[in-house]
Amino acid sequence: METYSNLTPWQTTQLARHPRRPLTLDYIGNCFEDFVELRGGRQWPDDNSVVAGLALFHKEPVVVVGHQKGRDTKENIFRNFGMPHPEGYRKALRVMKLANKFRRPIITFIDTPGAYPGMEAEERGQAEAIARNIMEMTFLKVPIIVVVIGEGGSGGAVALGVGDAVLMLEHAIYSVISPEGCASILWRDPSKAEEAALALKLTARDLLELKVIDELIEEPLGGAHRDFHATASRVSAAIARHLEPLKELPSEELFQRRLEKYRRMGVYTEDLQ
Amino acid sequence: MPPCCAGPGHSVRIAPTEDLTPKCQAEKVGWFTKTKESIVPSNLWTKCQKCEEAIYSKDLAKAAWVCPKCSHHFRISVHDRIELLLDERSWQELNAHIKTADPLKFHALTSYDERVKKAVQKTSANEAISTGLGTLEGFPLAVGIFNFDFMGGSMGSAVGEKIVRLVDEAIRLRRPLLIVSCSGGARMDEGVLSLMQMVKTSQAIARLSRERLPFLSMLTDPTTGGVTASFAMLGDVILAEPGALIGFAGPRVIEQTIKETLPEGFQRAEFLLETGLIDMIVSRKDCRATLAKLLRFFSAPAHHAPHAEGPSNGSDVSTAF
Ligand SMILES: [Zn+2]
């Protein structure tokens with residue numbers, strides 16, 4: 001990986017998962033001020049793979065929510081590798097509803113391999129938690145900016161990913177399934193992940209073309225971790241640029257635009273032959 | 001194995017539902033499948049997947065594909081489901097012509113295009129859901145029925161669009177919505193566009209909800225992945241068929257993650273009822289009557305308290321959830 005201008009989708013996947021890649025709390029620390037974390041989802045137990053709280057963005061109060069991975073093994077065990085249980089999504093929703101109540105914009109950061117596929121997660125309603133967040137985020141009366149910073153892993157990402165503007169870092173990925181998972185099902189061979197990564201069209205450029213994201217945020221040469229300050233200031237500028245016009249919109253218009261935005265997604269034919 | 005919303009979960013034998021006309025039976029008598037212990041005619045008799053009893057197929061069809069010995073609910077075709085639930089000749093299909101357009105030009109071991117063609121041939125349908133209008137005990141309904149035989153009932157752009165248009169019709173005609181799910185989740189071959197159908201369909205339910213029209217979600221075996229994690233779990237009432245596998249992650253993915261074997265009955269409808277995730281389990285013979293009771297409740301005129309706001313802006317709907 002000498003040059004980063006022509007990465008393959010599989011190389012991009014590696015970069016999106018790079019151990020030194022900036023994480024949600026890095027962006028919160030850099031693009032926001034006075035962050036106050038609210039850990040209580042009012043559910044048992046707290047889920048450390050999701051962080052949520054209040055902060056100032058360009059001097060204005062906002063709510064920030066995101067998946068949080070760890071940097072090393074110890075941190076990753078604490079953060080469950082950024083894979084939430086239902087209570088993580090429910091905590092995010094509780095704090096987002098606080099934003100709704102006090103009319104503060106919401107910024108979410110997406111960085112997860114996916115929702116955790118474990119027994120407890122299933123028992124407590126993983127599917128329901130994701131579904132509910134999608135619906136409730138649709139109803140929220142305040143602007144929502146989504147930034148995909150690393151891995152956008154399937155439904156576990158979508159559960160924090162419904163917004164008015166979806167931005168994505170150049171070397172982040174967003175997919176219905178991981179390349180490894182896709183390879184083992186459709187190729188019946190997990191070693192075909194590289195081919196699957198290509199076929200899935202999961203890079204930011206692909207998503208821009210498929211009209212799933214609104215803006216691709218370019219990364220410094222070598223990736224976000226090579227120059228975090230430059231990356232963070234680009235992310236901050238992009239958020240501000242998208243947030244500004246949204247703040248003017250009445251809530252009903254926000255709702256209608258959110259419906260139209262997602263309704264357009266998908267490609268099908270209606271030929272009568 | 002990483003988690004996902006996609007993928008056909010489970011290979012379960014499909015009961016032969018189409019070949020039961022007298023003509024077919026006459027032709028098929030004498031076709032035998034040899035198994036280790038016994039000789040079972042392949043179409044005249046059907047072996048129960050659960051208790052392994054060989055049942056005369058005609059009797060099984062008459063019993064709505066429920067095993068007379070162990071009550072196992074076989075998977076049934078869209079056609080049989082319509083017959084089971086809706087009033088005779090009331091079904092009117094909508095948007096049957098909507099098909100996938102292979103947006104990614106996806107190619108794995110075979111091309112997506114070929115896989116779709118095979119599914120169309122196998123099912124005589126264009127997509128994994130049939131949508132339409134009908135009545136149940138006289139109650140007008142908008143109905144969607146998933147077809148597991150069509151690529152594991154997976155949800156891609158066409159399925160998402162058909163659900164959204166069905167909701168449009170429900171709103172236009174002020175009808176309750178019933179969706180009978182049977183799906184392995186989002187369709188991998190359309191990548192992130194399939195993933196976005198989770199949002200698109202859930203938002204359709206959000207619109208329905210603002211209109212105060214009921215959504216009855218019926219989960220059948222299996223309902224997993226991106227279908228469960230979107231509209232299917234957003235029912236005002238969630239019903240499930242006995243024994244149906246319902247979950248986010250498929251059992252194999254969970255087992256690979258936790259490196260343990262799952263206990264018997266995990267993720268089955270009965271388990272979800274115990275954990276409070278679904279409202280009721282309805283056997284096939286009772287489901288029509290149960291749905292009629294629910295529809296009676298929802299179709300009665302709304303009670304308006306003197307201080308109640310009009311439904312026009314639906315401002316209290318979100319918190320009502
Ligand atoms: Zn049986």
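Numbered from 1 within each chain, the chains take letters A, B, ... in sequence-line order. Predicted, not measured: the structure shown is a model, and the values here were computed from it.
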Are the side chains of Thr257(B) and Pro117(A) in touch, meaning some heavy atoms are under 4.5 Å apart? yes

Taking Glu122(A) for the side chain and Phe248(B) for the main chain, is one N or O donor matched with an acceptor at less than 3.5 Å? yes

For Asp111(A), which residues count as a side chain to side chain donor-acceptor pair (under 3.5 Å) partner, sequence neighbours excluded? Lys69(A)

Scanning both residues in full, the closest heavy-atom pair of Arg210(B) with Phe139(A) reads CG-CE2, 3.5 Å

Residues Arg165(B) and Glu270(A) bridged, charged N to O under 4.0 Å: yes

Could you list the donor-acceptor pairs under 3.5 angstrom formed between side-chain atoms of residues 271-281 of chain B and any protein atom two or more places apart in sequence or on another chain?
unit_1, atom_1, unit_2, atom_2, d
Thr275(B), OG1, Phe271(B), O, 3.2
Thr275(B), OG1, Leu272(B), O, 3.2
Asp279(B), OD2, Ile238(B), N, 2.8

Okay, side chain of Ser157(B), backbone of Val267(A): is any donor-acceptor separation there less than 3.5 Å? yes

Side chain to side chain donor-acceptor pair (under 3.5 Å) against Arg79(A), all qualifying residues, sequence neighbours excluded: none

For a 4.5 angstrom cut-off between non-hydrogen side-chain atoms, does Val158(A) reach Leu195(B)? yes

Could you grab the distance from atom CE of Met233(B) to atom CD of Gln126(A), nearest 0.5 Å is fine? 11.5 Å

Heavy atoms of His107(B) and Ala199(A) approach each other most closely as O-CB, 4.3 Å

Ile254(B) versus Met119(A), closest heavy-atom pair with distance: CG2-N, 4.0 Å

What pair of heavy atoms forms the shortest contact from Thr100(B) to Thr269(A), and how long is it? O-OG1, 4.2 Å

Quick one: closest heavy-atom pair of Ala206(B) and Thr138(A), and the distance? CB-CG2, 4.4 Å

Test side-chain contact (heavy atoms from CB on, under 4.5 Å) applied to Glu190(B) and Val176(A), step by step: CA-CA 9 Å; Glu190(B) 291 183 34; Val176(A) 68; over 6 Å; no

Donor-acceptor pair, distance only, cut-off 3.5 Å: does the side chain of Lys200(B) make one with the backbone of Met265(A)? yes

Let me see the working for Val212(A) and Leu193(B) under side-chain contact (heavy atoms from CB on, under 4.5 Å), right down to the final yes or no. CA-CA 8 Å; Val212(A) 170; Leu193(B) 290 176; 3.8 Å; yes

Correct closest heavy-atom pair for Met188(B) and Ile185(A) would be CE-CG2, 3.7 Å

Taking only heavy atoms into account, what residues of residues 111-121 of chain B are found under 4.5 Å from chain A? Arg115(B)

Can you measure from CD1 (Ile205(B)) to CD1 (Ile134(A)) and round to the nearest 0.5 angstrom? 12.0 Å

